Amino acid sequence: MEFFRALDDKHRAFIARQPVFFVATAAEGARINLSPKGMDSFRVLGPDRVAYLDLGGSGNETQAHLAADGRITIMFCAFDNPALILRLYGTGRFVIAGEPEFDALAQHFPRLPGARQVFDIAVDSVQTSCGWGVPHMTLDRPRDTLVKYHAQQDPEARLAKIADRTTSIDGLPVRVQAVLPTFDLPVA
């Protein structure tokens with residue numbers, strides 16, 4: 001196990017090759033949340049800053065936990081050779097679609113229907129470990145179900161559906177988007 005103060009070029013290259021990452025957050029009195037993420041939704045913005053584009057899904061625990069506590073861990077693991085696990089420890093914040101900073105952050109990502117916020121993470125430390133216990137697996141293909149689901153939704157109906165989702169599963173407050181990102185709209 002090794003710790004680093006910041007991401008270097010080798011770390012960046014490893015992250016770029018991974019088709020999946022995992023996000024862990026917690027807040028006092030709440031469950032620990034651990035979520036797998038995929039798609040082309042993660043970016044290294046600097047040696048001590050990363051971000052990921054978040055699409056609406058089953059809940060919004062990460063936002064609730066960051067508002068309450070701020071701590072976040074991102075984990076990448078190699079399912080091929082060489083074996084490696086890379087963790088990013090830091091503090092995060094969220095920028096919801098329609099807020100002033102959203103467009104600047106969202107420009108780093110593809111236009112994905114269903115985008116609701118960007119998680120912007122200040123990396124405190126980077127940790128690598130062997131990953132020798134992680135199985136060898138191959139990627140068959142990306143799953144596009146979530147993007148297809150959001151693409152077929154009526155925008156007004158979507159906003160109405162999420163308008164009352166103002167708490168996490170543990171009752172923590174969640175801020176709900178009131179507008180859809182402009183990149184949710186078809187390109188003219």
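Owing to the predicted nature of the structure, the values given are computational and were not obtained by experimental measurement.
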Say whether, by atom type as modelled, one donor and one acceptor occur between the side chain of Q177 and the main chain of V179 under 3.5 angstrom. yes
Linked, directly or transitively: F4 and V44 (ILVMFWY side chains, under 4.5 Å): yes
Cluster link F22 to M137, ILVMFWY, side chain under 4.5 Å: yes
I'd like to check I121 versus T91 (side-chain heavy atoms, cut-off strictly below 4.5 Å). Are they in contact? no
Quick one, T62 with I72, criterion side chain to side chain contact (heavy atoms under 4.5 Å, CB included). Give me CA distance, side-chain angles, the key distance, then yes/no. CA-CA 8 Å; T62 303; I72 187 167; 4.3 Å; yes
Which pairs pass salt bridge (charged side-chain N to carboxylate O under 4.0 Å, His left out) with one or both residues in residues 64-80, sequence neighbours excluded? D69-R71
Sequence neighbours excluded, which residues qualify as salt bridge (charged side-chain N to carboxylate O under 4.0 Å, His left out) partners of R31? D170
What one should report as the nearest heavy-atom pair of Q18 and A78 is OE1-CA, 3.7 Å
Exceeds 12 heavy-atom contacts within 6.0 angstrom, atom CD of E156: no
I'd like to know whether L112 forms a side chain to side chain contact (heavy atoms under 4.5 Å, CB included) with L55, so could you lay out the CA-CA distance, the side-chain angles of the two residues, the decisive distance to 0.1 Å, and finally the verdict. CA-CA 8 Å; L112 296 175; L55 279 63; 4.2 Å; yes
Looking at OG of S129 and CE of M75, how far apart are the two atoms once the value is rounded to the nearest 0.5 Å? 8.5 Å
Path from V176 to L180 over hydrophobic side-chain contacts below 4.5 Å: yes
A side-chain contact here means heavy atoms from C-beta on lying under 4.5 Å apart; do T25 and T73 qualify? no
First locate atom CG of N60, then atom CD1 of I96, and finally report the distance between them rounded to the nearest 0.5 Å. 7.5 Å
Considering residues at least two apart in sequence or located in another chain, which fulfil the salt bridge (charged side-chain N to carboxylate O under 4.0 Å, His left out) criterion with D120? R49, R93
Partner residues of L84 under the side chain to side chain contact (heavy atoms under 4.5 Å, CB included) criterion, sequence neighbours left out: F14, T128
Residues in salt bridge (charged side-chain N to carboxylate O under 4.0 Å, His left out) with R5, at least two apart? none
Less than 4.5 Å apart, side chain to side chain, heavy atoms only: is that true for Q127 and L86? no
Qualifying salt bridge (charged side-chain N to carboxylate O under 4.0 Å, His left out) pairs, either residue in residues 52-67, two or more places apart: K37-D54, D54-R116
Residue pairs meeting ring pair (Phe, Tyr, Trp, His ring centres under 6.0 Å), one or both in residues 109-156, sequence neighbours left out, come to Y52-F119
Residues forming a side chain to side chain contact (heavy atoms under 4.5 Å, CB included) with V134, sequence neighbours excluded: C77, F79, I85
Determine which pairs satisfy salt bridge (charged side-chain N to carboxylate O under 4.0 Å, His left out) with at least one residue from residues 122-151, sequence neighbours left out, and list them in order. D144-K148
Any chance you could measure L105, atom CG, to Q107, atom CD, to the nearest 0.5 Å? 8.0 Å
Taking side chain as C-beta onward, heavy atoms only, is L88 less than 4.5 Å from L7? yes
Which residue pairs pass the salt bridge (charged side-chain N to carboxylate O under 4.0 Å, His left out) test when at least one of the two sits in residues 9-20, sequence neighbours left out? none
Could I get the full list of salt bridge (charged side-chain N to carboxylate O under 4.0 Å, His left out) partners for R43, not counting sequence neighbours? D40
On a heavy-atom basis, which atom in L45 and which in A51 lie closest, and how many Å separate them? CD1-CB, 3.7 Å
Shortest non-hydrogen contact from A64 to S168? CB-CB, 3.7 Å
Can you find a heavy atom in the side chain of L34 that is under 4.5 Å from one in the side chain of V23? no
Walk me through it: do I74 and R87 pass the test side chain to side chain contact (heavy atoms under 4.5 Å, CB included)? CA-CA 6 Å; I74 309 287; R87 290 180 183 90; over 6 Å; no
So do F102 and V118 actually touch side chain to side chain, heavy atoms under 4.5 Å? yes
Quick one: do L53 and H108 satisfy side chain to side chain contact (heavy atoms under 4.5 Å, CB included)? Show the steps, please. CA-CA 9 Å; L53 182 67; H108 297 285; over 6 Å; no
For F42, check ring pair (Phe, Tyr, Trp, His ring centres under 6.0 Å) against everything at least two apart and list the hits. F21, F76
Do T166 and V174 touch side chain to side chain, with heavy atoms closer than 4.5 Å? no
